[in-house]
2 protein chains.
Amino acid sequence: MDLKQLSARLGLSPTTVSRALNGYSDVSERTRQRVIEAAREAGYQPNLMARRLALGKTDAIGIVHPTGAGHLGDPRFLEVVDGLTERFAAEQIDLLIASARPADEIATYERLSRGRRVDGFIVPHTRCRDPRIDYLGQCGAPFVAYGRTADSSGYAWFDFDNEAGSRLAVERLHRLGHRRIGYVHAPLELNFAWQRHQGFVAGMEQAGLSIESRWVVPAGFGRRGGYEAMQTMMAGSDTPTAVIVDNNLSGVGVVRCVLDAGQVLGRDISVIVYDGTPADSTVLELEVTAIEQPTPHGAGVKLAELMLGVTQGQPLQELQVLWAPRIAPGNSDGPAPGTR
Amino acid sequence: MDLKQLSARLGLSPTTVSRALNGYSDVSERTRQRVIEAAREAGYQPNLMARRLALGKTDAIGIVHPTGAGHLGDPRFLEVVDGLTERFAAEQIDLLIASARPADEIATYERLSRGRRVDGFIVPHTRCRDPRIDYLGQCGAPFVAYGRTADSSGYAWFDFDNEAGSRLAVERLHRLGHRRIGYVHAPLELNFAWQRHQGFVAGMEQAGLSIESRWVVPAGFGRRGGYEAMQTMMAGSDTPTAVIVDNNLSGVGVVRCVLDAGQVLGRDISVIVYDGTPADSTVLELEVTAIEQPTPHGAGVKLAELMLGVTQGQPLQELQVLWAPRIAPGNSDGPAPGTR
DNA sequence: TTGTATGCGTTATCAA
DNA sequence: TTGATAACGCATACAA
């Protein structure tokens, strides 16, 4: 059942039927109702390829996710995808997913954009200096970045206020009497890690605390990385009384390491973790004090909306969104030992 | 630069140019070379929407992944997607991803297939009785299932020989002298869980061992579920000397629980886990004995190839592929206590 | 308010 | 071996 057949059945021209279905104003209300009714009962579905050809759009947004090391099964990524597809589906837009090793990433963006397979991109896992952003900017493809780069002025993005989050954590620990605060972080090329680290530095400065470089430990992204980082930190002769962890996978490792060392969280040592403990974790009976962000699903929905805004030519100013974190208190932190 | 412009530049008709580029035989070799050369240097890219309209294909395959409980961030899913996109990209085929809550799943398949947004589907996470398979079968949409259903005769699928895997594990433990063997499993609606459980039952029978129902414990999918299941099992007065776990997330929980109880793996209690330990785990210095499957990435590639086979009308027989598991010995199992 | 004619860029048909 | 012409199904100036 195509437009021609439907219009023939109605005794109208395809033009009129098309306009009636697409909500144009220059068609009488009576005709419109008649058309809509007939379309419904005939089970008419417009041919998307034809429409796309005529309109020059693909109704698809691409997302290229980096594969391989450094992104070992970030489980939250799929939740972002959930949010994206949910919001896009409401607009009849498809999400096209591609994977690429870091070395092939640009080529993949090129393939998708030059082949006009998508109308735009969602760019995840931004880095401080990000060639993907550069490439898309210069070739004029619409996109929304999930996270900012060093210079974030010229494009649409959605990000958390990572600096503020770390500062909140430092302030809280400082109020609890801690003065020796450690920090476990993901690779600083990842911009979220960089920003959170910046916030840590700023927070410490503001609190008048000095940063011990041996207590600032990089961890591979993931549980194991966190575990090893914490082992390193605890191996020294003097150890911090509190630790902030910049991602919740590493956070699991850190917490696990503390427990394995026979220490009591919130008493012997305090830990605050970005995003707290993953729902699925073996750390039971422990509510880790968290720097709380919007859910990945919510982020996905927001990213989708920004993408829609971009394609509709909304002013850039409205397309740069920063969400504010807050502290969700748990029982993994407490007064510094010897404070009271 | 479109076909018309390119043909004008060459002094040929669009027809000829099209045929030259698409490898038809009825064009002279000299002309073909000339056309290919010109196309390359002009950077000609065919308009996919136009081609799709003309050919009535979408060059896209859909994958609908169930969102919400029960699939909490299965990290391996993304790896499967990697394999899929990698293989499909080589054929200029896009992978379209959608998310749906279990209740909306069928509707999503319907939206995608009736809207002719995709040429076929990959169906993940099959269940024993699976309405998605029923729906796709009856509406005639091409698809490949990742895992079989109870009746797997009428469609293309890729699966592991889950029964064989469990039997291998039981045999190994039996040879090591174990007679009291427990089993921790994912919900049995999931077909892989069902099959693995069947294999366990068959293996025990074959070994002449009796199954203690209190040692067969269902666990939610995930680390925590495994942990709790193992707690349950170890709470009883008499406990098994060995445990088989049917997925590696629960496996982490089980192992963790054993360690937390101060027992030594491979000596006090033996554990064999499907797929072993995830690369990113806090269980250090321990190589869990695994029932080894192909990698998710490999599975993705294979699924993509099966999909291609389906669209090319290959006989069904060649499109039902079972991969055989093997045991990868680690140090989490050993002779039953008191055996030697 | 409706219809006519044309374009979107490709592939397929059939004649030359 | 090549080219003219007609699909593919929808959208849109423009005319009525």
Side-chain angles (χ1 to χ4, degrees), chain A residues 1-39 42-60 91-94 113-119 311, chain B residues 1-39 42-60 91-94 113-119 311:
Chain A
M1 173 60 62
D2 64 14
L3 198 59
K4 207 185 297 182
Q5 295 171 40
L6 183 61
S7 59
R9 176 182 299 200
L10 279 160
L12 290 169
S13 76
T15 312
T16 304
V17 175
S18 169
R19 279 184 297 214
L21 292 173
N22 290 321
Y24 277 60
S25 61
D26 56 357
V27 54
S28 77
E29 202 46 46
R30 210 177 120 273
T31 306
R32 162 166 296 129
Q33 287 312 326
R34 209 157 65 87
V35 169
I36 288 176
E37 174 59 24
Y44 168 74
Q45 298 259 98
N47 181 310
L48 292 176
M49 266 105 59
R51 142 174 286 173
R52 288 168 181 173
L53 174 60
L55 294 179
K57 310 191 309 176
T58 65
D59 295 331
E91 311 289 329
Q92 300 271 64
I93 288 174
D94 297 324
S113 69
R114 300 217 333 171
R116 299 192 208 92
R117 303 178 97 88
V118 297
D119 295 331
T311 59
Chain B
M1 171 62 61
D2 64 14
L3 198 60
K4 208 184 296 182
Q5 295 170 39
L6 182 62
S7 59
R9 177 182 297 200
L10 279 160
L12 290 169
S13 75
T15 312
T16 304
V17 175
S18 169
R19 279 184 297 212
L21 292 174
N22 290 319
Y24 278 60
S25 60
D26 57 356
V27 56
S28 79
E29 203 46 46
R30 212 179 118 271
T31 307
R32 161 165 297 128
Q33 288 311 327
R34 210 158 62 89
V35 169
I36 288 176
E37 174 59 24
Y44 167 74
Q45 297 259 95
N47 181 310
L48 293 176
M49 267 107 58
R51 143 176 285 174
R52 288 167 182 174
L53 174 59
L55 293 178
K57 310 192 308 176
T58 65
D59 294 331
E91 311 289 328
Q92 301 271 63
I93 289 175
D94 297 324
S113 68
R114 301 217 333 172
R116 297 193 209 92
R117 302 177 98 86
V118 296
D119 295 332
T311 60

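Per chain, numbering begins at 1; letters A, B, ... match sequence-line order. The model shown is predicted, which means the values in this text are computed figures rather than measured ones.
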Counting just side-chain N and O atoms, does [X] come under 4.0 Å of either OP1 or OP2 of [N]?
{"X": "B:R51", "N": "C:dG9", "answer": "no"}
{"X": "B:S18", "N": "C:dT11", "answer": "yes"}
{"X": "A:T31", "N": "C:dT1", "answer": "no"}
{"X": "A:Y44", "N": "D:dC10", "answer": "yes"}
{"X": "A:Y24", "N": "C:dT2", "answer": "no"}
{"X": "B:T16", "N": "D:dT2", "answer": "no"}
{"X": "A:S13", "N": "C:dT4", "answer": "no"}

Nearest heavy-atom pair of [X] and [Y]: which atoms, and what distance?
{"X": "B:S18", "Y": "B:L3", "value": "CB-CD2, 3.9 Å"}
{"X": "A:R116", "Y": "A:T58", "value": "O-CG2, 3.1 Å"}
{"X": "A:R52", "Y": "B:M49", "value": "CB-CG, 3.6 Å"}

For atom [atom1] of [X] and atom [atom2] of [N], their distance in whole Å:
{"X": "B:R52", "N": "D:dG9", "atom1": "CZ", "atom2": "C1'", "result": "16 Å"}
{"X": "B:M49", "N": "C:dG7", "atom1": "CE", "atom2": "P", "result": "19 Å"}
{"X": "A:L48", "N": "D:dC8", "atom1": "CG", "atom2": "P", "result": "18 Å"}
{"X": "A:M1", "N": "D:dC8", "atom1": "CE", "atom2": "C1'", "result": "17 Å"}
{"X": "B:E29", "N": "D:dT2", "atom1": "CD", "atom2": "C1'", "result": "15 Å"}
{"X": "B:K4", "N": "C:dT6", "atom1": "NZ", "atom2": "P", "result": "13 Å"}
{"X": "B:R30", "N": "D:dT1", "atom1": "CZ", "atom2": "P", "result": "12 Å"}
{"X": "A:N22", "N": "D:dC10", "atom1": "CG", "atom2": "C1'", "result": "9 Å"}

Output the single nucleotide from [options] whose closest atom is nearest the side chain of [X].
{"X": "B:V27", "options": "D:dA11, C:dT10, D:dT2", "result": "D:dT2"}
{"X": "A:L12", "options": "C:dT2, C:dG9, C:dA12", "result": "C:dT2"}
{"X": "B:N47", "options": "D:dG9, C:dG9, D:dA11", "result": "C:dG9"}

For [X], report the nucleic acid contact type (base, sugar-phosphate, nothing); a contact means any heavy atom under 4.0 Å.
{"X": "A:L3", "value": "sugar-phosphate"}
{"X": "A:L53", "value": "base"}
{"X": "A:R19", "value": "base"}
{"X": "B:D26", "value": "base"}

Open item on the list: Quick one, A:D2 and A:N47 - any side-chain contact, counting heavy atoms below 4.5 Å?
Closed with: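 They are not in contact (no side-chain heavy atoms under 4.5 Å apart), so the answer is no.
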Task: N/O donor-acceptor pair under 3.5 Å between A:N22 side chain and A:Y24 backbone - done: no
Task: 5' precedence on DNA chain D between B:A50 and B:G11 (nearest-nucleotide basis) - done: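 Upstream on the strand: B:G11.
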TODO: Decide yes or no, distance alone: a donor-acceptor N/O pair under 3.5 angstrom between the base of D:dT12 and the side-chain of A:T15.
DONE: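 Flag set: donor-acceptor pair detected.
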- [ ] Report yes or no: do B:E37 and B:Q33 form a side-chain donor-acceptor pair below 3.5 Å?
- [x] no
